[in-house]
Amino acid sequence: MEKSYDPAEVEGRIYDFWISSGLHQSEITDSAKVFSIVIPPPNVTGSLHIGHALNSTIQDILIRYKRMKDFDVLWVPGTDHAGIATQMMVEKDLASEGLTKNDLGRDKFLERIWQWKETSGSRITEQLKRLGALPDWEMERFTLDEGLSEAVRKVFVDLYSQGLIYKDKRLVNWDPELRTAISDLEVEQRETQGNYWHIRYPIEGDDGLSITVATTRPETMLGDTAVAVHPNDPRYSALVGRNAVLPLVGRKIPVIVDEYSDPEKGTGAVKITPGHDFNDFEVGKRNDLDIINILDERGYVEGDVPEKYSGLERFEARKAVIEDLEDGGFLVKVEQTVHTVPYGDRSGAIVEPWLTDQWYVNAVELAVQATSCVERGDIRFHPKFWESTYFEWMKNIEPWCISRQLWWGHRIPAWYGPDGEIFVATNEHEAIACAEKHYGEEVTLVRDPDVLDTWFSSGLWPFSTLGWPQDTEELGHYYPTSCLVTGFDIIFFWVARMIMLGLKFMGDVPFKDVYVHGLIRDAKGRKMSKTTGNVIDPIDVIEKYGADALRFSLAALAAQGRDIKLTFPVIEGYRNFMNKIWNATRFVFMNLEPGLVYDSDVDNSHLSVPDRWILTRLNVTLGEVEGFIENYEFDKASQALYHFIWDDYCDWYLEISKFSLYGEDDESKKTTLNVLVRVLLRSLRALHPFAPYITEEIFRIFGEKGINLPESEGLSSKSILDAQYPTPSGAEMFKDESEQVELIKGVVTGIRNLRATMGVHPSEKVLVHLNSENDEVENILRGNLEIILGMASLGDCIVCGEDSPGKAVSEIVSGVEIVMPVENLLDLEKEISRLSKDLAKVSQDLKKTESKLANRDFIDRAPEDVVEKEKGKLEEFQNHKKKLEEILKKLSVV
RNA sequence: GAGCACGUAGCUCAGGGGCAGAGCACUUGCUUGACGUGCAAGGGGUCGCAGGUUCAAUUCCUGCCGUGCUCACCA
């Protein structure tokens with residue numbers, strides 16, 4: 001083995017091994033234990049960013065863990081066609097050739113996107129492999145696959161026939177750049193510096209009389225059809241019922257009363273533009289106002305407006321309108337203001353409310369079940385507080401606009417007859433048949449040109465990927481899926497829609513748990529973005545530190561409910577951890593004599609005290625790790641393993657094992673070797689979901705060593721992934737010996753501390769006295785002398801003997817007095833000051849405990865074990881204090 | 001405006017009614033035969049502030065201050 005672990009050499013080879021061994025594949029058995037996950041499908045256009053790395057690492061941990069626990073495991077991978085994003089990308093590509101999509105036409109354009117998808121669409125899945133993610137690649141799906149498209153059509157037709165999908169003419173968020181409708185969720189509100197323009201509208205038939213309104217979008221006045229005032233606003237009551245004359249246009253518009261008008265805001269009179277403002281649209285409906293559309297799909301002025309403005313781009317029109325208002329003396333004043341402006345999240349263009357025909361899903365209706373299933377606990381969010389956010393959104397849910405004026409996506413399965421009659425069907429044949437029945441003759445149908453919102457198809461992902469609407473074996477076996485791992489940014493976009501549609505079409509929740517992880521941020525806590533230039537590319541990290549180091553870092557940082565600040569020093573630290581494991585293995589191999597390893601279980605009666613301690617620590621850790629993973633506490637799970645392996649196994653057990661391995665006692669050596677090997681192998685198995693590559697590689701090398709271990713150690717498996725996940729064994733928990741070792745560790749640390757403070761060179765074999773008045777403690781010290789001598793590198797150690805008469809330094813640890821004679825080295829004053837500090841501390845502790853125990857209420861009301869513990873502390877502190885005082889007394893005599 | 005989080009060591013963060021923890025950074029020592037991507041020892045905290053509950057509060061409750069996120073409104 002090399003001196004350092006080299007991930008680059010290992011990872012590709014190991015991944016190929018997993019695939020060629022078919023370890024990624026799911027297999028339906030009659031086992032009752034089933035665990036399934038569907039990947040949140042990344043955009044097919046995308047490349048792996050660090051957020052995907054976190055998301056996939058967590059899923060891979062769960063999948064590997066459950067697989068090792070003998071579950072029927074399925075992880076479905078795949079990608080999303082990402083309507084707008086993909087179409088934009090290919091359009092940009094075309095633009096560089098001086099072409100637009102219209103030059104190609106719909107069919108050719110789609111052909112081109114498919115072509116692109118075939119050549120570059122697999123990039124992100126290839127990158128997932130680098131991370132070590134092992135979904136069932138045979139199950140890979142794409143949202144535009146035929147099967148998934150069939151699911152989309154069926155859902156559309158069914159919802160339509162139930163009235164849950166309908167076509168409606170109302171205002172939508174219109175993206176003039178992309179020239180499509182978008183949903184509320186795709187609109188981003190941004191704070192923007194803008195103006196209030198106060199505009200005076202003259203009152204008809206009364207020179208000098210006027211009403212002033214304020215607006216941030218003056219060009220919309222071209223479409224005004226009323227001015228509204230509050231019914232209780234005395235300032236304007238005289239004007240109600242009269243007409244205002246719209247400046248620049250000349251149209252007479254009524255002054256009406258409507259509760260919407262807020263006397264506190266602006267001038268208290270508000271212009272009403274039902275065609276271009278969501279609130280005004282409602283006012284218009286209530287008051288039966290005309291709706292005047294003044295914009296085309298590009299955001300250029302058109303329609304029933306003065307010719308002067310027709311054809312102007314909307315912001316050009318704004319300028320012109322303001323200028324003319326000013327010239328005409330209608331502009332009363334301009335006020336600076338900060339207000340929020342809606343932008344399209346993809347295009348970055350300012351969105352316009354625009355009156356169009358669009359398809360909607362009645363989300364309010366679907367939200368009822370979707371809310372109650374979470375209330376009932378059929379779906380649990382982790383961390384739980386996301387449920388509040390989910391409920392909040394579901395409570396205020398609006399109709400979901402699902403049609404998009406794009407070409408790339410699932411085309412809406414609706415056809416129109418010559419008179420506009422709508423025929424919704426899963427295919428054209430059916431639509432034609434329906435039409436024939438309706439008209440009594442054959443007619444030509446025109447298909448709706450629009451496609452569906454991308455989230456419509458991804459909302460079906462948990463069951464469409466499993467074969468629905470076919471009644472497949474996978475669907476029956478793996479639905480509902482066990483867990484969904486996702487970021488909070490798509491809870492509404494995606495998670496909520498899956499829940500609504502899963503309940504509707506499968507009659508059951510799509511997943512039982514939703515694990516919501518945080519967002520990865522840079523060292524300063526900023527979002528990572530290309531424009532800020534602070535992105536960490538996971539592939540770069542993998543190349544520099546290895547996939548395991550990246551995965552382990554992400555897991556270790558994944559505390560629930562918190563974003564992750566990812567920094568290189570942390571990744572480096574876990575890279576070092578991988579190297580540590582590598583070198584611990586090297587140590588074991590250096591001492592490995594295959595013939596000495598038993599092919600049966602170790603006889604407990606042969607185990608030494610340290611053996612029993614490390615086995616206990618291992619089993620405690622395994623129990624913790626199991627609980628943590630089941631609770632999605634990956635940070636705690638990974639850190640428990642980290643500390644066990646590094647602190648317990650490497651820093652203590654492995655060092656202690658040397659006394660036995662390099663000693664004369666063959667029987668002891670044999671047992672130690674067995675424990676070393678077994679604890680390592682079990683640790684590796686426990687670690688495998690977190691660090692799959694290095695654990696598999698070491699496992700492989702172990703396999704080459706020709707040692708025979710019992711089946712339960714899993715070494716006979718072809719892959720570590722095929723071995724059992726280690727479970728804690730009660731038979732290997734030794735409380736007494738564990739406490740002994742903890743005591744010894746404390747004493748050793750105490751001795752090392754004395755050496756360090758006295759500046760005794762590490763190689764100098766000094767003498768130490770250990771004193772205790774407790775027989776049991778004395779026995780423990782005597783029984784573990786070899787460890788104390790070796791670990792503290794002592795020349796000799798006298799337990800409970802006569803103290804040497806000369807100068808010495810001392811320390812008390814767990815009631816054991818450590819005395820180290822130092823003859824010439826002693827700085828008396830320093831030593832007294834050091835011990836006095838200890839004395840002050842222990843006196844304070846003692847006082848606190850004494851007053852607690854003197855408190856009647858404490859004795860009466862505190863639980864018994866707490867009181868007992870306090871009494872124990874009292875004794876310990878008293879003892880400690882007494883000893884310190886004695887030592888100080890002796891020192892002052894010297 | 002509404003909702004949800006978060007304020008703990010220099011930094012990043014765990015924790016949790018009963019003696020405050022980790023990693024990194026820092027200081028000191030170390031060619032100990034697995035590892036300097038290492039070993040050993042150490043310093044460092046009014047647990048945001050103020051009340052309340054409790055025998056006991058850093059932990060639970062209330063308020064305040066500060067930070068972040070989400071949604072809504074903005075004539």
Exercise for review: Among the candidates B:G18, B:U70, B:A75, find the nucleotide nearest to the side-chain atoms of A:K527.
Suggested key: B:U70
**Study point:** Aromatic contact, A:F330 with A:Y201 (centres under 6.0 Å)
**Key:** no
Study note, to complete from the structure: By salt bridge (Lys or Arg N to Asp or Glu O under 4.0 Å), A:E335 pairs with (sequence neighbours left out) none
Practice item. Using the P atom as the reference point in each nucleotide, state the distance between B:U37 and B:A5 in Å, no decimals. Key: 44 Å
Exercise for review: Name the nucleic acid region contacted by A:Y649, choosing base, sugar-phosphate or nothing; use a 4.0 angstrom heavy-atom cut-off, strictly under.
Suggested key: nothing
Point to revise | Test item: A:N753 and A:T757 side chains (from C-beta on) under 4.5 Å apart, heavy atoms | key: yes
Practice item. Could you measure between the two C1' atoms, the one in B:A9 and the one in B:A20, and give it in whole Å? Key: 10 Å
Revision key, fill the gap. Protein-proximity profile, nucleotides 41-48 of chain B, B/S/- by nucleotide at the 4.0 Å heavy-atom cutoff, equals SS------
Check your understanding: When all nucleic acid strands are considered with a 4.0 Å heavy-atom cut-off, which category describes A:P383: base, sugar-phosphate, or nothing?
Key -> nothing
Review point. Base, sugar-phosphate, or nothing for A:F877, non-hydrogen atoms under 4.0 angstrom?
Key: base
Check your understanding: Under 6.0 Å from the CD atom of A:E875, do we count more than 12 heavy atoms belonging to anything else shown?
Key -> no
Revision key, fill the gap. The answer to which of A:D857 and A:V213 contacts RNA chain B further toward the 5' end, by nearest nucleotide, is A:D857
Review point. Expressed as a whole number of Å, how far does the C1' atom of B:U31 sit from that of B:A40?
Key: 15 Å
Point to revise | Non-neighbouring partners of A:A637 that pass side-chain contact (heavy atoms from CB on, under 4.5 Å), sequence neighbours left out | key: A:V625, A:F628, A:I629, A:F690
Review point. Applying salt bridge (charged side-chain N to carboxylate O under 4.0 Å, His left out), which residue pairs with at least one partner in residues 258-270 of chain A are found, sequence neighbours left out?
Key: A:D258-A:R286
Review point. Thinking salt bridges, do A:E811 and A:R834 make one under a 4.0 Å N-O criterion?
Key: yes
Review point. Going by distance alone, is a donor N or O of one side chain under 3.5 Å from an acceptor N or O of the other, for A:T389 and A:E392?
Key: no
**Study point:** Nearest-nucleotide pick for A:T215, side chain only, options being B:A75, B:G23, B:C73
**Key:** B:A75
Exercise for review: Take nucleotides 1-15 of chain B nucleotide by nucleotide from the 5' end and write B, S or -, depending on whether a protein heavy atom sits under 4.0 Å from the base, only from the sugar-phosphate, or from neither.
Suggested key: ---SSSS----SSSS
**Study point:** Touch class at under 4.0 angstrom, heavy-atom based, for A:W646 against every strand present
**Key:** sugar-phosphate
Study note, to complete from the structure: So salt bridge (charged side-chain N to carboxylate O under 4.0 Å, His left out) across residues 218-227 of chain A, not counting sequence neighbours, yields A:E219-A:R318, A:D224-A:K271
Practice item. Please name all residues satisfying side-chain hydrogen bond (donor to acceptor under 3.5 Å, both in side chains) with A:D563, sequence neighbours left out, ordered by chain then number. Key: A:R521
Exercise for review: For A:D635, enumerate each residue passing the salt bridge (Lys or Arg N to Asp or Glu O under 4.0 Å) test, keeping only those at least two apart in sequence or located in another chain.
Suggested key: none
Revision key, fill the gap. RNA chain B nearest-nucleotide lookup for A:Y574 and A:T267: closer to the 5′ end is A:Y574
Point to revise | Pairs where residues 544-562 of chain A contributes a residue and the test side chain to side chain donor-acceptor pair (under 3.5 Å) is met, not counting sequence neighbours | key: A:D60-A:R551
**Study point:** A:Q844 atom CD, neighbour heavy-atom count above 12 within 6.0 Å
**Key:** no
Practice item. Flag the pair A:F381 / A:W386 as yes when their ring centroid distance falls below 6.0 Å, and as no otherwise. Key: no
Check your understanding: Distance between the C1' atoms of B:C49 and B:G66, in whole angstroms?
Key -> 10 Å
Practice item. Take atom C1' in B:C65 and the same atom in B:U28, then report the distance between them in whole Å. Key: 41 Å
Check your understanding: Distance between the C1' atoms of B:A34 and B:G18, in whole angstroms?
Key -> 42 Å
Point to revise | Separation between the P atoms of B:G3 and B:C64, rounded to whole Å | key: 13 Å
Exercise for review: Mind checking salt bridge (Lys or Arg N to Asp or Glu O under 4.0 Å) for A:E11 and listing every partner two or more places apart, or none if nothing turns up?
Suggested key: none
Point to revise | Range-with-range stems for RNA chain B, at least three Watson-Crick or G-U pairs under 3.5 Å | key: B:1-7 with B:65-71, B:10-13 with B:21-24, B:26-30 with B:38-42, B:48-52 with B:60-64
Review point. What string of B, S and - do you get for nucleotides 29-34 of chain B, 5' to 3', if B is base contact, S is sugar-phosphate-only contact and - is no contact with any protein heavy atom under 4.0 Å?
Key: SS--BB
**Study point:** Interatomic distance at P, B:C6 relative to B:C13, whole Å
**Key:** 13 Å
